[in-house]
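Since the model is a prediction, treat every value here as computed from it, not as a measurement.
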Amino acid sequence: MNPLLDFTSLPRFAEILPEHVNPAIEQLIDEARTAITAAAQAESISWATVVEPLQDATERLGRAWGAVAHLNAVISSPALRDAHNAALPKVTQFYTEVGLNRGLFERYIALAENPVSLTDEQRSLVNHEVRDFRLSGVELVGEARERYAAIQDATAEAQSKFEDNVLDATNAFSLDVTESELKGVPDDVIATAKLKAKQAGLADGMCRLTLQGPCSMPVMQYAESATLRAQMYRANATRASDQGDVKFDNSEFVEKIVALRNEEAKLLGFPSFADVSLVPKMAESPQQVLDFIRDIARRARPFAERDLAELKAFAAAEFAIDDLQTPDVMFVSEKLRQKRYAFSDEELRQYFPENRVIAGLFRVVENIYSVRIVEGKASGWHKDVRFFEVHDEFGSRIGEFYFDLYARDSKRGGAWADSARDRRMTNGQLQTPVAYMTCNFSAPVGGKPALFTHDDVITLFHEFGHGLHLLLTEVATLGVSGFGHVEWDAVELPSQFMENYCWEWDVLSHMTQHVETGAPLPRELFDKMIAAKNFQAGLFMLRQLELSLFDMRLHAENRNADRDNLLGLLAEVRSEISLLTPPAYNRMPWSFGHIFGGGYAAGYYSYKWAEVLSADAFSRFEEEGVLSPVAGSAFRHEVLGRGGSRDAMTNFVAFRGRQPSVDALLRHNGMVAS
């Protein structure tokens, strides 16, 4: 049996081959089309005749396609990519057909207009679906309808090629250097580089550097060679662009994606794609988002100016760098932090071996949410994948998840969480959720456990927050369980909320152990961490706001996204927001996967918007105890548990007792008048 057609239990990842993809997807699309036809023609209109059969069919397709897309992201190969890209237009076309199905839309309208037969969860889903039908062009006719469908196909194809180019450009780059050129670089990074050189058949003493994050970031942060730092910075800043290897140049796809989005907005009757994007979000208009970004930028700017003045003075005094440029910022910043706070990221990393970090993460979750996490067994896609079960206080399994934490050549960069299976009630049985959590940390090397930087720990907690949103949902209606139909600018609330725990002594003291001595993190070093917590927070804040403003203006102003226009907009944004101007060759947008490959178009501001919510939510824990099971129970039931069955602001107010305030965010970032 084709493993992609087996939905009796967990995905059979180890058995899925490229040749399974298209036969399974085609069969599942055919089955779903049959169910949709029946639902769209149902004369007796009810949840059981319209929504349930539709959900049954589309969920099977969604789970199979989700497994394929996941494998293509974590163990990409030419054959798997070809199979994925061959199936992608079929899947895109199918979902476009669903969104344009007038008969189905009319039946959802009928359900929405007669909600007495529905539960609150069902009513919420139906209302969300009616809105999404309208955003999917269901009311278009004739040529406009056909053009809308074509736009969806073309956009999906262009976004997929954009992501492929970023991965391929990342993997195609290598820089071979001698070990002596890596002075200052952490030992385990050098060990990995030596191993890669050996695998490539290079002579002893040679090292091969790559653009994988666990290699490129430490080189730019620690290498004493300014020439080497500049080489790595340039390679990273020009990935998938006209300034890098041109066979991976994303210029065509960036321009095409933005043009298609602009056209889609016009077809749907909206002023811009940003207006379309914001319909299912908390923010009400592009102008409101622009005002939000600029307001926080105004508050952060004095702190960023102070950060930069200190950095420039230090660079001049210590390194005779009179004109500090972006390729040297990471290196000089790390040296300043070491001098000011008397510790380095590398020193701190020795206290964060993987096993202790994961145990500490689980301790936090178990304490505040009254659950238990145990390791389980499941078919994985790589030897490094681990699998866990989540049990409630009575010992019943309520969810499961996969961890895939190390970087590798066949894996997309970054970190993310996603659903393998959502919680729902089906045929009288409760289907429990299953999540993936994926990162790109340094793998174990030299017989030692993997060591995480504190930033890695924050990333892990962040992604686990997303995972908990999926795993601790109390909603049993598909589509509004987990983070289904949660407003996009609130999706980051649970993840950013979890980051706060990475700065708490009662958490870190239980999740650290020096890899050599076995000693826990000294309180003195923790105190230095806290003192350094907001080191350059102003500059970091402006960097996030620069990306957010670029994204929102690009999609709100109906811009032509050819190279000159894109660079012109970027220059305008940097002139308004930034204090440091990158080199002219910098091509940040050409690898900006969040907005050109992922789902954050006209939504990158969501990170900062949700950070306001998360900081304010955590302030209740600061008041009642950071591991308070009472506050944890309230957060679980009012926020995590509600999914999209209730709007995010209602969830927040139910938990916090009031509307959110920006004050906690500014306080957490040290941006308060002293």
Is it possible for you to check whether Arg620 lies under 6.0 Å from the centre of the six-membered ring of Phe655, through NZ or CZ, and within 45° of that ring's axis? yes
For Arg642 and Asn651, which I'm curious about, is there any donor-acceptor pair between the side chains at under 3.5 Å? no
For the residue pair His637 and Glu474, confirm or rule out a side-chain donor-acceptor distance under 3.5 Å. yes
One should read off an interatomic distance between His462 NE2 and Trp416 CH2, to the nearest 0.5 angstrom, of 13.0 Å
Are the aromatic ring centres of Phe401 and Tyr436 under 6.0 angstrom apart? no
SB check Arg63 Asp6 (cutoff 4.0 Å): no
Flag the pair Asp616 and Arg658 as a salt bridge only when some basic side-chain nitrogen lies within less than 4.0 angstrom of an acidic carboxylate oxygen. yes
Between the OG atom in Ser645 and the NE2 atom in His128, the distance rounded to the nearest 0.5 Å is 8.0 Å
Can Arg543 and Glu546 be counted as an ion pair, charged N to O under 4.0 angstrom? yes
Taking the basic N atoms (NZ, or NE/NH1/NH2) and the acidic carboxylate oxygens, is any pair closer than 4.0 Å for Glu557 and Arg553? yes
Run the salt-bridge test on Arg299 and Asp295 with the 4.0 Å N-O cut-off and return the result as yes or no. yes
Just so I know, are the side chains of Leu278 and Gln288 near enough to count as touching, which here means a heavy-atom distance under 4.5 Å? no
Between CD1 of Ile257 and CG of Leu260, what distance do you get to the nearest 0.5 Å? 8.0 Å
Any side-chain donor paired with an acceptor under 3.5 Å for Gln152 and Thr96? no
Can you confirm if the aromatic rings of Phe592 and Tyr604 lie within a centre distance of less than 6.0 Å? yes
Are the aromatic rings of Trp590 and Phe162 close, with centres under 6.0 Å apart? no
Taking atom CG of Leu167 and atom CZ of Arg412, what is their separation to the nearest 0.5 Å? 9.0 Å
Going by side-chain contact (heavy atoms from CB on, under 4.5 Å), Pro589 matches just one of Leu570, Asn250, Val254. Which one? Leu570
Ser548 versus Asp551, side-chain donor and acceptor atoms under 3.5 Å: no
Without hydrogens or angle criteria, can the side chains of Thr49 and Ser46 be said to hold a donor-acceptor pair below 3.5 Å? yes
Do Arg656 and Ser619 have side-chain N/O donor and acceptor atoms under 3.5 Å apart? yes
Under the criterion ring-ring contact (aromatic ring centres under 6.0 Å, His included), which of Tyr605, Tyr607, Phe550 is the partner of Tyr600? Tyr607
Begin from the C-alpha positions of Lys266 and Asn558 and carry the test side chain to side chain donor-acceptor pair (under 3.5 Å) through to its verdict. CA-CA 10 Å; Lys266 293 295 184 290; Asn558 296 297; 3.0 Å; yes
Kindly assign one of parallel, tilted or perpendicular to the pair Phe133 and Tyr108, based on the angle between their ring planes and the thresholds 30° and 60°. tilted
Kindly say whether the aromatic ring centers of His84 and Trp65 come within a distance under 6.0 Å. yes
Using ring centroids (six-membered ring only for Trp), state whether His70 and Tyr402 fall under 6.0 Å. no
